[in-house]
Every structure is written in C-alpha cells, then in structure tokens.
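I have placed the structure first, in the form of structure tokens, so that the comments after it can refer back to it.
In what follows, chains carry the letters A, B, and so on, assigned in the order in which the sequence lines appear, proteins first and then strands, with residues in each chain numbered from 1.
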There are 2 protein chains.
Amino acid sequence: MEAIVMAWSEQLRSAGYKITRQRRAVLQVLAERNAHWRPLEVYQRARQRCPALGLTTVYRTLDILCELGLVQRVHLEQGCHSFAPVSQGHSHHLICRKCGEVTEFEGCDLSPLLERVSRSTGFVIEEHWLELFGTCPACQEE
Amino acid sequence: MEAIVMAWSEQLRSAGYKITRQRRAVLQVLAERNAHWRPLEVYQRARQRCPALGLTTVYRTLDILCELGLVQRVHLEQGCHSFAPVSQGHSHHLICRKCGEVTEFEGCDLSPLLERVSRSTGFVIEEHWLELFGTCPACQEE
DNA sequence: AATTTAATTGAAAAATATTTTCATTTAGGA
DNA sequence: TCCTAAATGAAAATATTTTTCAATTAAATT
Ligand SMILES: [Mn+2]
Ligand SMILES: [Mn+2]
Ligand SMILES: [Zn+2]
Ligand SMILES: [Zn+2]
C-alpha cells in the first residue's frame, strides 16, 4: 500500500478515528494522483474498491481529513467543490488548468506585502490564501 | 445616486446591456457597503427597492458583473457564495472575519515568488489568487 | 475466540444553492 | 409611438451538502 495512505491512516488512528474499509478506500483514491478531487469523483472511484461505500461517508471523511489538515479545499474558477492532499501545515497550491494536476509549493514569504497592507488599512491580518493557476510541464507540450 | 452605481451602469450600457429597474436595484445594494454579498442577501435587500425582482435575475446580474470585472467572487472558510465590488482590473481582497467588511488592497508584487515557483515546478503561471483575512480597525475595538 | 460498545455506516429525506425553461414584459433605438 | 431583441420571474430541474436514524462494525476487553 502507498506510504502516504499508511501515514494518513496513522494520523486518523492517533486522532481517535477508526480505520474502516470505507475510509481506506477514500484515502487510496486521494493518493492515486496529485490532483483535485470532487466528492462525487472520489465516491465513484472508491466504490470500485469498496462497493458498499456511500457518498455521505465520502463527505464525512473529507471533512475529517480537512480538520486534520491532510487535505485542503481547492478553489477554482468553476467552483470550490474539490479537495487536494496537503503535505505540511501551511500550504498553497499550484493548479494546472488543463489536466487538474495540483502541486504544492514551498515558501510563501509574504511578510513585506502583509505588513504594508496591514499598515495602510489598519487591519490585523491573521491568515492568507494564495493559489496559482497555470499550465503544468506535461500540458505545455500539448 | 451613488457615483459608483452610475459608473457601473455606464459599464453595463457600453457592454450592450440594458439598464433595467432590477439591475439598478442590485447595483444600489452592492454599493451600500464595502462587504461581501450572497445572492440571497442581495435579493432580499434589493426587493425593498424593486419588489418584482426575482432571485434568478440577481444570479444573472452577478454573473454579468463578474464577467465585466466589476465584482469578484469572495472565497471564505464558510463557503464561496459571495461577491464583492472591485475597483480596478486585477484585485485582491482583505476580509474582516467579524463584520464581513471587504477592503481592496493595492499592489501585489508577487513576481519574485512566482518566478521562483515557476522555475522550481516547470509550470507556466498564468494567474494568482490572494485573499487576506483578519480583523478590521472597527472590530479590533470590540 | 467471543463479547461488548461506541463509532461508523448508507439510504432516504431534507436542506441549500444554482441553473434552465419558457411565456410574458420591457428598455431603448427607430 | 412602434418595434424587437433583450430581459424578466415563476416554476421546475439540477447540483451539492447535511441530517436523521436504524443497522453494522472496528477494535478494545475479556
Ligand atoms: Mn502562505
Ligand atoms: Mn495580485
Ligand atoms: Zn472558493
Ligand atoms: Zn470588521
């Protein structure tokens, strides 16, 4: 089994969640590709491994994974219904508009920007979201 | 009438759209506050000015305003169903988590970051989204 | 291995959000 | 004022997400 699936399972377990066939199937699907997944897609694909799976459980599992910071909602022009795996705590995504591939990128030093905005607006800034869109190497070759 | 409503109307007109009572009511609501608005909120508020207004028309009007770059969808933790006015072309929002106030901020020079990410991933980066969350000056005083 | 039990489950229904359809109305140019 | 394409709202359809609840099950305990 994929190492990432085992790592996720361990995180679930240590947070007090049981490892069920259904949850395992969801994790395995998410580990298949670096991409963003909609609940319905996860459901359809995961049912090949676990036919008894219900869509409700997919939603519930994604909720838990979000809560634990193992996946993150991805916001797209077409809508904000999909989720992508996350490696560390604070994370941003780079999304291919053609194939949907999702790549995390490291290091977002926005401090100068944030400080400037904070000073000019008087806001206390507590969080930032940054998402990049473009074309991945594979899709650049058409 | 608010200057901003007249400016928006002119934009609509010059894009070939008719200025209807319904559209004017929607614009007037959006101009009321620097905030993010959900379609249903716009609908309820705008019906005080134009009782015949339908929710469908609110959705359609927001679509057009998005298309023309006069409003922009705002993405929140709770969901991504609201819209906020935009002054210029490329714009980012700073959102108060307490009162919902939305402030645009100027100048987001992300070039060094984008270039670095582009180099390290091989992606061609075409667009970026940045949203900041925090507490506005008024809400800081509790 | 059998027992126990709280966590988990899926189906169905409900709630919420958005889009489509279509007959009627209307803004705005002629 | 007349004309017409654009715009409209009500209703229905579609899409997404959550709630409810009786049945099942993971896994800790015997
Ligand atoms: Mn960051
Ligand atoms: Mn920018
Ligand atoms: Zn979003
Ligand atoms: Zn505030």
Specify the separation, in whole Å, of atom CZ of A/R21 and atom P of C/dT9.
10 Å
B/R38 side-chain N/O to C/dT16 phosphate OP1/OP2 under 4.0 Å
no
Regarding A/R47, tell me which of base, sugar-phosphate or nothing describes its non-hydrogen contacts under 4.0 Å with the strands shown.
nothing
Should B/E41 and B/R33 count as an ion pair when the cut-off is N to O under 4.0 Å?
no
Check the distance between C/dT19's C1' and B/L40's CG and give it to me in whole angstrom.
16 Å
When you match B/Y43 and B/Y17 each to their closest nucleotide on DNA chain D, which lands nearer the 5' end?
B/Y17
If the cut-off is 4.0 Å, is A/H81 near the phosphate of D/dA15, judged by side-chain N/O to OP1 or OP2?
no
Rounded to whole Å, how long is the line connecting atom CZ of A/R73 with atom C1' of D/dT16?
10 Å
Write down the distance between CD (A/Q78) and C1' (D/dA15), rounded to a whole number of angstrom.
16 Å
Just the rounded figure in Å: distance from P of C/dG28 to CD1 of B/I19.
6 Å
B/R60 near the nucleic acid: base, sugar-phosphate alone, or nothing, with a heavy-atom cut-off under 4.0 Å?
base
If you round to the nearest 0.5 Å, how far is CG of A/L110 from CD1 of A/I125?
10.0 Å
Winner on side-chain proximity to B/Y59, out of C/dT18, D/dA27, D/dT17, is C/dT18
For B/T56, answer base if it contacts any base atom (sugar-phosphate contacts may also be present), sugar-phosphate if it contacts only those atoms, and nothing otherwise; contact means non-hydrogen atoms under 4.0 Å.
base
Side chains of B/W37 and B/L30 in contact at under 4.5 Å (non-hydrogen atoms)
yes
Report the distance from atom CD of B/E2 to atom OG of B/S9, rounding to the nearest 0.5 Å.
11.5 Å
Value for CG (A/L113) from CG (B/D109), rounded to nearest 0.5 Å, stands at 9.0 Å
With the side chain defined as heavy atoms from C-beta on, A/T20 is closest, among C/dT9, D/dA27, D/dT8, to C/dT9
Rounded off to whole Å, could you give me the CZ-to-C1' distance for the B/R13 and D/dA7 pair?
15 Å
By nearest-nucleotide position on DNA chain C, the 5'-leaning member of B/C80 and A/I64 is A/I64
Length of the CG-C1' vector between A/L55 and D/dT14, whole Å:
15 Å
Send over the distance from A/D63 CG to C/dT9 P, rounded to a whole Å.
12 Å
